[in-house]
Every structure is written in structure tokens, then in C-alpha cells.
Amino acid sequence: MKLFLRTAMSALMAAVLLCCGCADTGAGMARQPEGGPGAEDGDGARKTNAGQGAGGPWQYADTAMGTVVQQTIYAADQETARDFSAQAMELLWGLEREKISWRLETSEVYQANASAGSEEGFLLSADLSALLESCTLLWERSEGAFDVTLGAVTRLWDIDKWAAESSQEGFEPPGEELLNQALDTCGSQKLRLVEEGSADVRSAESSASRESRLRLFMPEGMRLDLGAVGKGLAMERISALLAERPDVDGAVISLGGSILTYGGKPDGTPWRVGIVNPFDTAESIGILTLEGSWCVSTSGDYERYVEVDGVRYHHILDPKTGAPAVSDVRGVTILMKDGLLGDGLSTACFILGPEKGMALAARYGAEALFVMADGRIEMSDGMKDVFRK
């Protein structure tokens, strides 16, 4: 058996190049240097300072939510940049610990999963209530291509573990019987979201911005997995944090396949975000030139995968089959203001393909770019306005 293991860390570090106009080179890359300079800062964050002039940029790299977090901060001085960077990392660690991890007992998702099959259900916080409503609506609009109830299936495959393993032995796709058993526990149509104090199930069309709390009822064996929107949620939280920091003029934050641009650079030049080439992840297929605050979310079969005897088993699972999605698409990039929805849309559009995926993205006011298996690039009209090869 010929086995290739692609480490999640390496794939994520190479996935998107951020051209931020650093002071000493004119085009620095806001990513953890591979074997390059990096020192332990006093607060424990690994950092590289590519620009030392007034206004920055100040660059930091650390890990959270199973991936590399890269921050390029434009602020008046290094102390401000360091303070924000540390604040952002605390936010990410807290989000994983308290809300979205299915592994940590302190997490709300873990506790919700433990309630599956119970008659009393689980009372969600206001923010998780809004998140699940958004996810349920996306499930409906994507014809089931996006589904946060695949936890039992993702645990069977455990692609992230195998993609990060140094060992080259032992990976086997889950058997058909086990896979079918896990699939039987999945399906967002089996979720019940009931507004606390009401006997009525909330409509999926209800506003995701309201503050009321929902009680979640799941059948026995069902497991939530927010991996497809977790990083997008993190981008939303960091964007809100930046809005509370007028002392930060601009920033580019990279969290795996999710990129947040915020504010602007002192010299007034635009942000330039490179989109990875799925056929050679050391290169980009082109650059997005952006003004102001945006979220860029990318999903592809090159990010986290195991390859066995010429077959690539990647981390994007098709809810209909429970197996890695079979698609003519190699990568999808979504551009929109909403990080949470952009993250979910990139997954759904990868499975749907360009025709249905483009229509779904347009329904959310998002721009989309598809890299096809034959090398073609298909994109929405709005994406054409900001994309350059």
C-alpha cells in the first residue's frame, strides 16, 4: 500500500499567501515562516516583525483551533499590536474551550452532544442558538450539502488525525456497515430547535441576530460538528474585537482557510490576498485586491487529506454518502462580509459544484471562485472585479 500523509499544519500554512506590503520588502507574507526567523515573545506568542516603522506592520503567529493563526497588525506602536494579538489569541482559545470543541468537556457543543436522546434537550446560549439557526437555513438552501450534524461520520474518518500523523501505517476507510450506522444518526432535518418558553419550533427563516435562546433536541447518537463554520465564527468574533480597538488601524488575520481583512494600511494601498493553487500549494492562482474589511474563506481537497493507492481521502464529507465528496472542483473561495456564512458556503459550494454553488452564493450576496479539476477557473461577476492572475 502506497500512503501519502499531508500534515494539516503544512497545508494550512501554505494555503493562502497574504501580500500585506511590509515595510522592508514591499510584499511580506503574513504566515508562520517555514524555517525562517521567529522568536518567542514575552507573552509566549511566536512572532516575526517584518516592519519596524511607525504604524507597523507587526506580525505574529501562533496556533489555535487546530491550525496556524497568522496576524499582521497595523498600529502606532508594537505594544499596541502585541496587546491586540494576545487579546485575539485569548478569544480564539476561549471560543474553542467554551463553545465549539466537540472534544473538550467544558465546551457547549460537547455538552449539547452529551444531551442527544434526552427528553429535556439542551438549552443553548443566545449565540449558539443564532449560529444553529443560520446553519439550519444554509442546510435547507444548499439542499443538504452543508450539514453540522455529521459528527458521528467525521469521527469515523478522522481525516485530521491521519493528515497530521507521522506514521504511514494503519489508515483504512471506514467499513460500509459502520458508515451507514453513523449516517443514520445524521441529518439536520432531525434537529428540533424550540424557543425557550414556547411549544413552537423556530422557523429556519428566523433572524440569526436575535437574543432569545433555543432548546436543542437531538436524537440519540447524533453529534454536532461545527468544524465547517468554526473558523468563520472566529473571524466574526475577531472582527467585533477589532471594532472595539480604535488604536488598531488595520489588520489581516489568517486562521487556516479563513482570512479577515480589516481597516487599511498607512500608505493607503489595498489588501492583496493570494488564492492557493490546488495543483501546487506553494503557488497562488491569483490575487484578490480588496479595500477595507472582508472575509475570504477557502475550501479544497488539498487542505487535509490522506492518499492511499492513488485515491485521495479529504476532509470535506458529502452528507449524502458520508464519504469525501466526489467533485469536479479542487478548491472554492468565497468572498463576503460575513465570516461565518462564508466559511459554511465554501464547504457547501465545493460539494454542489459551480452551477448550483454560484446560485447559492448569490443568494447570500457572496462572490465565489471555483478552481476546477481540469484547471479552469469559474467565478462570479463580482469576483472578477477584484481577482487578478
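Looking at N113 and M222, their side chains never come closer than 4.5 Å, going by heavy atoms from C-beta outward. Side-chain contact check for V69 versus T63: every heavy-atom pair is 4.5 Å or farther apart. Within the 4.5 Å cutoff, no side-chain heavy atoms of Q71 are placed close to those of W58. Using a 4.5 Å cut-off on side-chain heavy atoms (C-beta onward), L317 and W157 make contact. Here the side chains of L226 and L233 are not in contact, with every heavy-atom distance at 4.5 Å or above. Using a 4.5 Å heavy-atom threshold, the side chains of R237 and L92 count as separate. Annotation: side chain of F217 is not in contact with side chain of L191 (no heavy-atom distance under 4.5 Å). By the 4.5 Å heavy-atom criterion applied to side chains, V148 and W139 are not counted as neighbours.
In the displayed structure, K337 atom NZ is contacted under 6.0 Å by more than 12 heavy atoms of other residues, nucleotides or ligands. Within a 6.0 Å sphere centred on CG of D328, heavy atoms belonging to other residues, nucleotides or ligands number 12 at most. In E79, the CD atom is not crowded: 12 or fewer heavy atoms of neighbouring residues, nucleotides or ligands sit closer than 6.0 Å.
Closest approach of A81 and A75 over heavy atoms only: N-CB, 4.2 Å. Minimum heavy-atom separation, A234 to L255: CB-CD2, 3.5 Å. Taking all atoms of both residues into account, the shortest heavy-atom contact from G121 to S115 is O-CB, 4.1 Å. Across all non-hydrogen atoms, the minimal contact from G331 to P278 is N-CG, 4.4 Å.
For T261 (side chain) and V252 (main-chain N/O), no donor-acceptor pair under 3.5 Å exists by modelled atom type. No donor-acceptor pair closer than 3.5 Å links the side chain of W271 to the backbone N or O of T289. Using a distance-only test at 3.5 Å, with no hydrogens or angles considered, no donor-acceptor pair links the side chain of S107 to the main chain of R97. When atom types are taken as modelled, the side chain of R155 and the backbone of G151 share a donor-acceptor pair closer than 3.5 angstrom. Within the 3.5 Å criterion, the main-chain N or O of E283 finds no donor-acceptor partner in the side chain of N277. Between the side chain of T333 and the backbone N or O of L369, no donor-acceptor pair lies under 3.5 Å. Under a 3.5 Å cut-off, the side chain of S380 and the backbone N or O of A368 do form a donor-acceptor pair. Using a distance-only test at 3.5 Å, with no hydrogens or angles considered, a donor-acceptor pair links the side chain of T136 to the main chain of L132. The closest donor-acceptor contact from the side chain of D343 to the backbone of G232 lies under 3.5 Å.
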Distance-only donor-acceptor pairs under 3.5 Å for side chains of residues 181-188, two or more places apart:
from: T185; atom 1: OG1; to: A182; atom 2: O; distance (Å): 2.7
from: S188; atom 1: OG; to: D147; atom 2: OD1; distance (Å): 2.7

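Test H315, H314, R330 against D301 for side chain to side chain donor-acceptor pair (under 3.5 Å) and you get one pass: R330. With L124 as reference, E108 is the one residue of E108, Q111, R215 to meet the side-chain contact (heavy atoms from CB on, under 4.5 Å) rule.
With salt bridges taken as basic N to acidic carboxylate O contacts below 4.0 Å, none links E195 and R213. The pair K99-D127 meets the salt-bridge criterion, with a side-chain N (NZ, NE, NH1 or NH2) lying under 4.0 Å from an Asp/Glu carboxylate O. Classification of D247 and R245 as a salt-bridged pair holds, one side-chain N sitting under 4.0 Å from a carboxylate O.
There is a side-chain donor-acceptor pair under 3.5 Å between S346 and S299. Under the 3.5 Å distance criterion, with hydrogens and angles disregarded, a donor-acceptor pair is assigned to the side chains of D77 and T80. Looking at S101 and E96, their side chains never bring a donor and an acceptor atom within 3.5 Å of each other. For the residue pair D225 / T154, a side-chain donor-acceptor distance below 3.5 Å is found, with atom types taken as modelled. Counting only N and O atoms by type, the side chains of E196 and S212 include no donor and acceptor under 3.5 Å apart.
Here the CG-CE distance, from L95 to M65, works out to 5.5 Å after rounding to the nearest 0.5 Å. To the nearest 0.5 Å, atom CD1 of residue I253 and atom CD1 of residue I259 are 9.5 Å apart.
The cationic group of R82 does not satisfy the cation-pi geometry with Y60, failing either the under 6.0 Å distance to the six-membered ring centre or the 45° limit from the ring axis. R141 forms a cation-pi arrangement with Y364, by the criterion of a distance under 6.0 Å to the ring centre and an angle within 45° of the ring axis.
Within the structure, salt bridge (charged side-chain N to carboxylate O under 4.0 Å, His left out) pairs that include any residue of residues 367-383 comprise D374-R376, R376-E378, D381-K384 (at least two apart or interchain).
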